[in-house]
Amino acid sequence: MVVLGVETSCDETSASVVTDDDGIRSLVILSQDAHAVFGGVVPEIAARAHLTAIVPVVERALADAGVRAQDLDAVAVTAAPGLVGALLVGVSWSTAYAAAIGLPVVPVHHMEGHLFAASLEHPDAVPPFTALLVSGGHTLLLDVEAWGTYRLLGSTRDDAAGEAFDKVAKLLGLPYPGGRHVERLATTGNPSRVRFTRPMLRRDQRLGDDDYFDVSFSGLKTAVRLALAVDPPHATADVARGFQDALIETLVEKTARAAQAYGRDRVVLGGGVAGNRSLVDAMRTRLAPLGATVYSPSPRLATDNAAMIARAGLFRLSLGETAGPELTATATAPLPGLVPA
Ligand code: KG4
Ligand code: ZN
């Protein structure tokens with residue numbers, strides 16, 4: 001099976017050819033730089049930029065893979081969740097292209113794509129596992145019994161992990177998107193100068209408590225703002241380090257709790273924040289004594305890309321889940337395959 005993946009849910013226009021036997025044949029990602037001056041993604045600009053980029057990005061992905069339209073078995077496209085105008089560009093283009101050459105379209109949930117990303121590089125990153133998805137818009141802690149069977153254990157009550165990084169970057173005067181800039185600054189910070197309370201993390205929390213697996217990052221962002229206002233001021237590197245350590249410890253502890261509660265020996269990370277080296281290292285250090293291996297995609301596959309959409313599309317195609325030209329985009333949608341926790 002040869003699938004063309006298309007991803008336009010936010011500010012990356014991406015296309016990729018993935019096969020079920022040799023994995024990624026090509027991957028093209030065009031990041032929109034125009035948003036940096038606004039300090040965040042401007043939906044209208046994103047949609048227009050996708051419109052300009054979609055055809056050349058797909059043509060390049062097909063050429064890089066050495067694949068012609070008639071070699072494809074399906075087109076997999078992110079149909080939800082995301083910016084609706086941005087999603088619509090990918091969905092409209094994909095449905096029209098597929099109809100013109102007589103191919104099925106496979107709608108993919110963006111977060112299920114993130115769940116599959118690590119498996120493109122690590123053959124052992126397959127269920128059953130504990131998953132932590134940390135992107136700009138979502139923070140999901142899942143128990144994955146099998147592909148397509150997802151138990152949602154916890155999520156954020158306010159800001160997503162990536163959103164917290166981006167907001168703190170803004171407070172620190174760093175460019176958008178800020179995650180990797182905060183990470184770089186934090187490496188030069190002293191870990192013992194600024195310490196923030198670990199949000200939603202207390203020793204007396206017990207399995208069954210509704211905050212046992214959930215996270216929350218908006219209070220941490222406020223704590224950062226207050227720490228930057230003290231006189232004499234803290235070094236920004238120390239504040240960045242304090243913030244990143246607090247966020248990482250919370251994510252790591254909640255993930256360790258989930259792996260232990262369900263007896264999993266594999267932990268799979270996904271989403272842009274999974275490209276953070278300190279998070280992956282801290283996760284490995286904490287999980288190794290529990291006998292669990294941590295799989296994380298490389299930064300290129302951690303952030304938004306069409307290879308993960310094609311890979312999730314291959315799975316959905318194997319279940320016969322195809323759509324026709326009536327397919328539309330939706331801004332919010334629950335992960336498919338959720339089962340009660
Ligand atoms: O998964 P993604 O590309 O897009 C969404 O689906 O939202 O994630 C983007 C997010 C941004 O908030 C960005 O700041 C964050 O991932 N990010 C990072 C790092 N690289 C990207 N956060 C922390 N450390 C990084 N190295
Ligand atoms: Zn994403």
Side-chain angles (χ1 to χ4, degrees), residues 5-14 16 27 29-33 35-36 39-41 43 46 77-83 86-87 90 108-118 131-140 155-156 158-172 174-187 189 217-218 220-221 224 240-241 243-248 250-252 268-283 296-312 331-333 335:
V6 174
E7 156 64 37
T8 65
S9 70
C10 191
D11 58 346
E12 264 90 29
T13 314
S14 181
S16 171
L27 172 58
I29 305 170
L30 191 70
S31 296
Q32 303 172 0
D33 297 327
H35 307 285
V41 176
V77 60
T78 308
L83 302 169
L87 285 166
V108 172
H109 189 286
H110 182 79
M111 299 311 291
E112 187 171 45
H114 278 302
L115 204 55
F116 274 92
L132 176 69
L133 300 182
V134 272
S135 71
H138 299 84
T139 302
L140 303 175
S155 58
T156 181
D158 38 60
D159 295 349
E163 187 181 359
F165 267 102
D166 294 337
K167 287 179 174 170
V168 165
K170 203 178 253 184
L171 294 172
L172 292 168
L174 299 170
Y176 177 87
R180 59 197 164 85
H181 299 286
V182 173
E183 178 178 20
R184 197 175 311 132
L185 184 61
T187 56
F217 296 119
S218 82
L220 182 56
K221 169 196 66 195
V224 168
R241 180 62 187 261
F243 159 74
Q244 185 174 272
D245 285 354
L247 178 138
I248 287 176
T250 301
L251 292 175
V252 166
V268 169
L269 308 181
V273 183
N276 185 295
R277 208 57 248 167
S278 309
L279 170 66
V280 179
D281 291 346
M283 199 66 85
S296 185
S298 59
R300 192 168 86 118
L301 293 180
T303 50
D304 290 349
N305 69 85
M308 67 184 196
I309 301 304
R311 179 62 190 82
T332 56
L335 196 64

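All ligand and atom numbering here is 1-based and tracks the order in the structure.
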Roughly how far, to the nearest 0.5 Å, is [atom2] of [Y] from [atom1] of [X]?
X	Y	atom1	atom2	answer
Leu247	Ser278	CG	OG	11.0 Å
Tyr176	His181	OH	NE2	11.0 Å
Met111	Leu335	CE	CG	8.0 Å

Quick check on contacts: which atoms of ligand 1 are under 4.0 angstrom from a heavy atom of [X]?
X	result
His114	1 (O), 6 (O)
Phe165	22 (N), 23 (C)
Asp166	11 (C), 12 (O), 13 (C), 14 (O)
Arg180	19 (C), 25 (C), 26 (N)

Legend entry - Heavy-atom closest pair, residues Met308 and Asn305: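 Heavy atoms only, the tightest pair is N-OD1, 2.9 Å.
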
Inset, instruction - Quick one: closest heavy-atom pair of Lys221 and Lys167, and the distance? - result: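 Smallest heavy-atom distance, with atoms named: CD-CD, 3.5 Å.
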
When only distance counts, is [X] in polar contact with ligand 1, meaning an N/O pair under 3.5 Å?
X	value
Gly272	yes
Gly179	yes
Thr303	no
Gly162	yes

Inset, instruction - For the pair Ser14 (side chain) and Ala306 (backbone), establish whether a donor and an acceptor sit closer than 3.5 Å, ignoring hydrogens and angles. - result: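 Answer holds: yes.
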
Legend entry - Side-chain (Thr156) to main-chain (Asp158) donor-acceptor, under 3.5 angstrom: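 Pair found, side chain donor or acceptor close to backbone of Asp158.
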
[atom]: which protein heavy atom is closest, and how many Å away?
atom	answer
atom 3 (O) of ligand 1	Asp304 N, 3.0 Å
atom 26 (N) of ligand 1	Glu183 OE1, 2.8 Å
atom 24 (N) of ligand 1	Asn276 ND2, 3.0 Å

Should [X] be listed as contacting ligand 1, given a heavy-atom distance under 4.0 Å as the test?
X	result
Gly137	yes
Gln244	no
His110	yes

Inset, instruction - For ligand 1, note which part of His138 has a heavy atom under 4.0 Å away: side chain, backbone, both or neither. - result: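 No part of His138 is near ligand 1 at this cut-off.
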
Inset, instruction - Using only N, O or S atoms, tell me which atom of His114 is closest to the Zn ion (ligand 2). - result: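 Minimum-distance N/O/S atom of His114 relative to the Zn ion (ligand 2) is NE2.
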
Inset, instruction - Please say which of Val77, Val108, Leu83, Leu87 ends up in a side-chain contact (heavy atoms from CB on, under 4.5 Å) with Ser9. - result: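 For Ser9, the side-chain contact (heavy atoms from CB on, under 4.5 Å) check succeeds only for Leu87.
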
Legend entry - Beyond-backbone contact of Thr139 with Val273, side-chain heavy atoms, under 4.5 angstrom: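 Contact flag for Thr139/Val273 side chains = no.
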
Inset, instruction - Would you please say whether a donor-acceptor pair under 3.5 Å links the side chains of Glu12 and Thr303? - result: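 Thr303 and Glu12 do not have a side-chain donor-acceptor pair below 3.5 Å.
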
Legend entry - Opening angle between OD1 in Asp304 and NE2 in His110, taken at the Zn ion (ligand 2), to 10 degrees: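 About 100° at the Zn ion (ligand 2).
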
Legend entry - Heavy-atom nearest neighbour of atom 8 (O) of ligand 1 within options Gly136, Gly113, Gly275: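 Comparing heavy atoms across Gly136, Gly113, Gly275, the nearest one to atom 8 (O) of ligand 1 lies in Gly136.
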
Legend entry - salt_bridge(Asp166, Lys170) N-O dist < 4.0 Å: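 Between Lys170 and Asp166 there is no salt bridge, as every charged N stays at least 4.0 Å from the carboxylate O atoms.
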
